[in-house]
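Below you'll find the structure, written out as C-alpha cells, and then a few comments.
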Amino acid sequence: MGIIFNKDTKEFHLYNDNVSYLMKVLRNGQMGQLYFGKRVPHRDSYDYLIENRYRPVSAYVFDDEYSFTLEHLKQEYPSYGTTDFRMPALEIWQPNGSRITDFKYVSHKISKGKPALKGLPATYTESEDEADTLEILLRDELLKVEMTLSYTIFQKENAIARNARFENKGNQECQITRAMSLCLDLPDDEYEWIQFSGAWGRERHVRTRRLEQGVQSVGSARGASSHHHNPFVMLRRPTADEFQGEVLGFSLVYSGNFLAQAEVDTFKVTRMMVGIHPLGFSWCLKPGEEFQTPEAVVVYSGEGMNGMSQTFHRLYRERLARGYWRDRERPVLLNNWEATYFDFTEDKLLDIARNAKEDGVELFVLDDGWFGTRCTETSGLGDWWPNTDRLPQGIKGLSEKIEALGLKFGLWFELEMANKDSELYRAHPDWVIQTPGRHMSHGRKQYVLDFSKKEVVDYIYELVAKILRESKVSYIKWDMNRNITECFSDGYGPERQGEIFHRYILGLYDLYDRLNREFPQILFESCASGGGRFDPGLLYYAPQCWTSDDTDAVERQKIQYGTSYAYPLSSMGAHVSITPNHQANRVTPLKTRGNVAAFGAFGYELDLARLTREEREIVKEQIRFVKKYRKLIHTGTFYRLLSPFEGNFTAWMVVSEDKRQAIVGYYKILNDVNREFRRLHLKGLEENLLYHMVEEGQENGCFYGGELMNIGMVTTDNGAGEVPAGEEPCCDFWSRVVVLEARE
Ligand code: DGJ
C-alpha cells in the first residue's frame with residue numbers, strides 16, 4: 001500500500017495490493033480523475049488518459065485552443081459553469097451573487113494512518129500502517145477560500161474513504177450551498193444502478209435499473225437517512241453478479257439528509273456523487289470559519305456483490321464500530337414491546353423477565369412507557385424520569401430486580417423528541433423545531449427537539465446520565481419516531497437556517513459521543529421506527545441497529561438480505577416474535593422465525609409465557625444454537641446465495657476465517673408440489689476439506705468442500721404429498737439451518 005506523487009507530471013497514485021486510484025493536477029490547476037479500479041502497474045505518467053478532443057458546441061478554458069474543456073474531463077471535485085455543465089460537487093454562493101468557483105491545487109500532504117473527523121463519525125485505523133492518507137489543498141484565489149480533499153486508502157480493504165473540508169481565509173462571508181463528500185467520474189456508463197429503498201416495515205429492498213443518460217438519484221430530505229432510501233448505492237457491471245465481476249459500492253457515513261446521484265453525460269461518462277442533500281442546505285462560512293463534510297467510502301470489488309459486501313462488513317464492523325462491544329458477543333435479548341406495548345406493571349415485566357431467564361435469554365429490555373406520564377403515545381416524551389406508579393422503586397429498583405434474576409437490564413429512550421403534553425414542553429416550548437408564524441406539524445403527536453442548540457442537548461444528557469449513573473443499565477435502545485418538518489431554529493440568524501438539519505445531526509452525534517464516553521460498557525442499539533436510520537453514521541456510536549419494526553420471518557428475509565449489502569450481520573437487530581405476526585398477520589413456524597433472526601443480533605420480542613411447552617423447548621434450543629455460533633455468524637464471511645427478490649427461495653451462509661466451519665440458512669417461501677430436484681451451490685469452503693453436515697443436532701453425512709460448492713448441497717425437499725417415515729413434511733415458510741464442520 002502507498003501513495004505516490006510524481007512532481008513532474010503532478011499525478012497521484014494511491015494503491016494497495018488490489019486497487020489503484022489515479023488522479024492528477026490538470027493544466028488549469030484543478031484536480032482531474034484518471035482511474036479507480038483494479039490495481040494497475042505504476043508508471044510515471046498516465047497523461048494519455050486526459051483526452052482533450054475538439055467537439056462542437058463546447059466552451060474552452062484557454063484562449064489559444066479548442067481542446068481543454070472541463071466538460072470532457074473527468075474530475076475529482078467539479079464545479080459548475082466554467083466549461084463544465086454537469087451537476088457539480090460544489091457550489092458556493094458569494095456576496096455579489098456569483099456561484100462561480102475555481103479551486104486550484106496548492107500543495108498536498110501524505111501521512112500514515114487516518115485523521116479523525118471533528119464531530120463526525122468516520123472509519124479509523126488502530127495502527128499507522130493500516131492506511132495512508134492524502135490531503136490535497138486547493139484554493140480559490142478570488143474568494144480566498146481553501147478546500148482540502150482528503151483520501152484514505154486502506155492496506156487490507158479495497159476501499160477509499162473521502163471527505164472535503166473548507167476554510168474561509170478571506171474577509172467576506174460566503175454560503176456553501178452544495179458540498180459533496182465524494183465525486184467520482186467514471187469513463188463509461190456500462191453499469192446497473194442498485195439502490196436500497198422501501199418504507200416503514202419494508203426497508204432496504206433491492207431495486208435495480210440500467211444507468212441512462214441524464215440524472216438518477218436517491219436521497220432523503222427528512223432529517224434522517226430514512227426508511228425510504230439508504231445512503232448506499234452500487235454500480236454493477238451488467239455481466240457481474242453476486243460472485244464475480246466488477247461492482248462499486250458508495251456509502252455515506254452520515255445519518256441525516258443525503259443525496260446519492262449518478263449523472264450520465266452525452267459522452268457516456270458517469271459522474272457519481274454522494275453527500276449531504278443540497279435541498280434546503282447551506283452553510284455560512286464567515287471569515288476564519290470551517291466546514292467539514294461527512295465521510296464517504298467507495299469500495300471496489302472484482303469479485304461481485306458478495307466481494308463488495310464482505311469489504312464493507314469488515315471495514316464497518318472493525319473500523320467504524322468502536323468500543324467495548326465492537327468485538328464482544330452480543331447478548332441474546334428479550335424486548336417487551338410486542339409483548340405488552342404500553343400496558344405493563346412492574347410485576348408483569350418481572351414475570352416476562354423470569355421466563356426469559358429460564359429459557360436462556362441474557363438481557364431484558366424495557367421499551368417505551370416507563371417514564372413521565374407516558375402511558376400512551378400522546379404524552380411524556382422528554383420527561384426522562386421513571387413513572388413510579390408503574391415502577392415503585394424506579395429504574396434503579398427494577399434494574400436491580402432484573403439483575404437479581406441473573407439478567408442484564410436494558411432501557412428504551414427516544415431522546416430527540418418531546419410531546420406537547422410533557423413537563424419539558426411546558427417549560428421550554430421554544431426547544432422544539434418550528435418556524436415562526438407557521439403551523440407546527442406533528443408525527444405520532446411528538447415534536448423534534450432542537451438539537452442544533454447546545455443547551456437542549458446538555459439538558460437531555462444530564463437527564464439520561466442521571467438514570468444511567470444510579471441504575472444498572474447495560475443496554476440502550478435509542479429510538480427516533482418522526483422526521484423533521486418546518487425546519488428552523490431560533491438559536492441561529494437567517495444566514496444560518498440552511499445549517500439546521502446538519503447541526504441537528506451534529507448535536508445528535510455529540511449526545512451519542514458523550515454517552516458513549518461516560519458509559520463505555522453500555523451496548524447501544526439505534527432504532528428509528530425500526531430501520532429509519534440504519535446508516536454507517538450511527539454504527540460509529542451504536543454497533544447494532546433495530547433493522548425493522550417488521551418482525552415477520554418472510555418479510556425479514558428481504559429486509560435482512562437488502563441490509564446485508566452494506567452492513568454486517570452483527571449490526572442487524574433481529575428478533576423472534578409471536579404469530580400471527582403483528583405487522584404482516586402471517587403465521588410462520590417458530591423454527592423459521594428463529595432461523596431468520598439467527599443471522600443478526602438475535603433476540604425475542606414476545607412474552608415467552610404465551611408459548612406452549614413444546615415451543616419453549618424450541619426457544620431454548622434456538623438460544624443454545626445462537627450462543628454457540630453467534631461469534632461465527634457475526635464475524636464470519638457472509639455470502640448471499642439465493643435472493644428473495646428473485647424467487648421462492650432465500651439462502652445465505654457464513655464461513656469462518658479458517659474455513660473450518662460454516663452455517664447455511666435456506667428458506668422456502670411458499671410450498672410447492674412435486675417439483676424439480678434441487679441443489680444449492682455453497683461458497684467460500686475449502687475444496688479438499690471434509691465437512692460434517694449437522695442439522696438440528698443430527699449428523700447428515702460428510703461432504704468435501706469441493707462437492708458442496710461445485711456439485712451443490714442437495715436441498716430437494718418433501719414438498720406436499722407423501723413424506724418418508726421419520727422425515728419432516730415441507731410447508732409454507734419452511735426453512736433449514738445447516739452447520740458444516742471440518743473435523744480432524
Ligand atoms: C418504534 C420502535 O421501532 C419499536 O420497536 C418500539 O420501540 C416503539 N417505537 C416504541 O414506541
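The first residue in the sequence is number 1, and the count goes up from there. As the structure lists them, so they are numbered: ligands from 1, and atoms in each ligand from 1.
Of the N or O atoms in Phe342, none lie within a sub-3.5 Å distance of an N or O in ligand 1. Polar contact check, Glu605 against ligand 1: no nitrogen or oxygen pair lies under 3.5 Å apart.
At most 12 heavy atoms of other shown residues, nucleotides or ligands fall within 6.0 angstrom of atom NZ in Lys628. Around NZ of Lys591, the count of heavy atoms belonging to other residues, nucleotides or ligands within 6.0 Å exceeds 12.
Asp367 OD1, 2.6 Å is the protein heavy atom nearest to atom 7 (O) of ligand 1. Looking at atom 11 (O) of ligand 1, its nearest protein heavy atom turns out to be Asp368 OD2, 2.7 Å. Of the protein's non-hydrogen atoms, Lys477 NZ, 2.7 Å is the one closest to atom 5 (O) of ligand 1. With hydrogens left out, the protein atom closest to atom 4 (C) of ligand 1 is Asp549 OD1, 3.5 Å, a heavy atom.
A donor-acceptor pair under 3.5 Å is absent between the side-chain atoms of Trp652 and the main chain of Tyr666, judged by distance alone. The backbone N or O of Trp370 lies less than 3.5 Å from no partner atom in the side chain of Asn387, so there is not a single donor-acceptor pair.
Aromatic rings from His228 and Trp200 are positioned such that their centres are separated by 6.0 Å or more. The ring of Phe602 has its center closer than 6.0 angstrom to the ring center of Tyr604. Taking the six-membered ring where the residue is Trp, the centroids of Trp478 and Phe413 are separated by 6.0 Å or more.
Contact annotation: for Asn481 versus ligand 1, heavy atoms closer than 4.0 Å belong to the side chain alone.
In this model, a donor atom of one side chain and an acceptor atom of the other lie less than 3.5 Å apart for Glu486 and Ser441.
Every atom of ligand 1 with a heavy atom of Asp479 under 4.0 Å away is listed here by number and element: 1 (C), 2 (C), 6 (C), 7 (O), 8 (C), 9 (N), 10 (C). Heavy-atom contacts of Cys527 reach the following atoms of ligand 1: 2 (C), 3 (O) (cutoff under 4.0 Å). Every atom of ligand 1 with a heavy atom of Gly530 under 4.0 Å away is listed here by number and element: 3 (O).
For Arg444, the heavy-atom gap to ligand 1 drops under 4.0 angstrom.
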